[in-house]
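In what follows, a single structure is set out as structure tokens and then discussed.
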Amino acid sequence: MKNIEGKHDRFFADVYDVVRLIPKGRVTSYGAIARYLGTPRSSRVVGWAMNGAGVYPDVPAHRVVNRNGLLSGKMHFATPTMMEELLKNEGIEVKDDKILNFKSHYWDPNKELAL
DNA sequence: TGATTGACTATGA
DNA sequence: TTCATAGCCAATC
């Protein structure tokens, strides 16, 4: 495991930083984060970064879903139902592993952070 | 070093 | 609209 604060892992650190900025009750997509970091083609890498986010505190990985609002990463949590429960706990409706009214809950760092 | 995998996305049928 | 395929980037084997 490399040091998260090292330059070589800056991408991962940036991903975690953006995820922490996601407001409660909001969600975003891997692609949106990747694009905000300047690497729109690295959406899969964002997912990989999330895979290691579980060991860090204050990284609400459950607020990151794919572009369809589907809880594609639910199975990577402690329990497959944990992601859904966390989202529901924040006021987000989840049905059949998918976020209802996803468009309304969507939080785009490219717009909200409006760099 | 080379091949495979994956919490993705875009495009075409 | 739904399904299949291609491209992408980093990590893992």
Side-chain angles (χ1 to χ4, degrees):
Chain A
M1 189 65 175
K2 294 162 190 164
N3 185 354
I4 186 60
E5 296 181 6
K7 301 187 211 173
H8 208 65
D9 298 306
R10 178 169 53 80
F11 183 80
F12 276 42
D14 286 344
V15 171
Y16 299 143
D17 189 44
V18 174
V19 173
R20 289 193 193 95
L21 294 177
I22 302 173
K24 180 182 177 185
R26 301 281 184 170
V27 293
T28 191
S29 66
Y30 305 94
I33 295 173
R35 189 165 66 161
Y36 177 74
L37 297 180
T39 55
R41 308 287 172 65
S42 300
S43 56
R44 309 194 70 161
V45 182
V46 174
W48 189 258
M50 289 294 92
N51 194 358
V55 299
Y56 297 95
D58 300 326
V59 179
H62 61 278
R63 293 180 188 151
V64 185
V65 296
N66 68 0
R67 74 179 186 86
N68 296 315
L70 188 67
L71 309 188
S72 52
K74 58 176 290 184
M75 61 180 79
H76 292 266
F77 283 79
T79 65
T81 58
M82 185 173 157
M83 187 175 187
E84 180 177 336
E85 289 299 317
L86 287 170
L87 290 172
K88 285 182 177 178
N89 190 35
E90 297 185 355
I92 298 176
E93 298 176 83
V94 179
K95 182 70 173 182
D96 193 29
D97 299 339
K98 198 172 90 178
I99 295 176
L100 298 181
N101 201 3
F102 173 62
K103 189 176 179 181
S104 191
H105 292 295
Y106 186 66
W107 180 83
D108 188 350
N110 298 285
K111 286 186 176 182
E112 300 298 334
L113 299 182
L115 188 53

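First the proteins, then the strands, lettered A, B, ... as listed; each starts at 1.
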Can you give me the N/O atom pairs linking the protein to nucleotides 1-7 of chain C at distances under 3.5 Å, or say none if there are none?
| unit_1 | atom_1 | unit_2 | atom_2 | d |
| --- | --- | --- | --- | --- |
| C/dG7 | O6 | A/Arg44 | NH1 | 3.3 |

Is the CZ atom of A/Arg41 crowded by more than 12 outside heavy atoms at less than 6.0 Å? no
Return the orientation label for the A/His62 and A/Phe77 ring planes: parallel under 30°, perpendicular over 60°, tilted otherwise. perpendicular
Linking I/L/V/M/F/W/Y whenever any side-chain heavy atoms sit under 4.5 Å apart, do A/Leu70 and A/Met75 land together? no
Transitive ILVMFWY side-chain link A/Val55 to A/Met82, under 4.5 Å: no
Would you check, one step at a time, whether the test side-chain contact (heavy atoms from CB on, under 4.5 Å) holds for A/Glu93 with A/Asn101? CA-CA 8 Å; A/Glu93 298 176 83; A/Asn101 201 3; 5.7 Å; no
Pair A/Arg63 + A/Glu90, salt bridge at N-O below 4.0 Å: yes
Under a criterion of less than 4.0 angstrom to any heavy atom of chain A, what are the 5'-terminal and 3'-terminal contacting nucleotides of DNA chain B? B/dG6 to B/dA10
May I ask whether A/Tyr30 and A/Ile99 are part of the same hydrophobic cluster, defined by side-chain heavy atoms of I, L, V, M, F, W, Y residues being less than 4.5 angstrom apart, directly or through others? no
At a heavy-atom distance below 4.0 Å, what parts of residues 22-32 of chain A sit against DNA chain C? none
ILVMFWY network linking A/Met50 to A/Ile22, side-chain heavy atoms under 4.5 angstrom: yes
Heavy atoms only, 4.0 Å cut-off, all strands: where does A/Asn66 land among base, sugar-phosphate and nothing? sugar-phosphate
What's A/Ala34 touching, base or sugar-phosphate or nothing? Going by heavy atoms closer than 4.0 Å. nothing
Within 6.0 angstrom of A/Glu85 CD, more than 12 heavy atoms from elsewhere: yes
Rounded to whole Å, the CE-C1' distance (A/Met50 to C/dA11) equals 15 Å
A/Val27 to A/Phe102 - nearest heavy-atom pair and separation: CG2-CE1, 3.5 Å
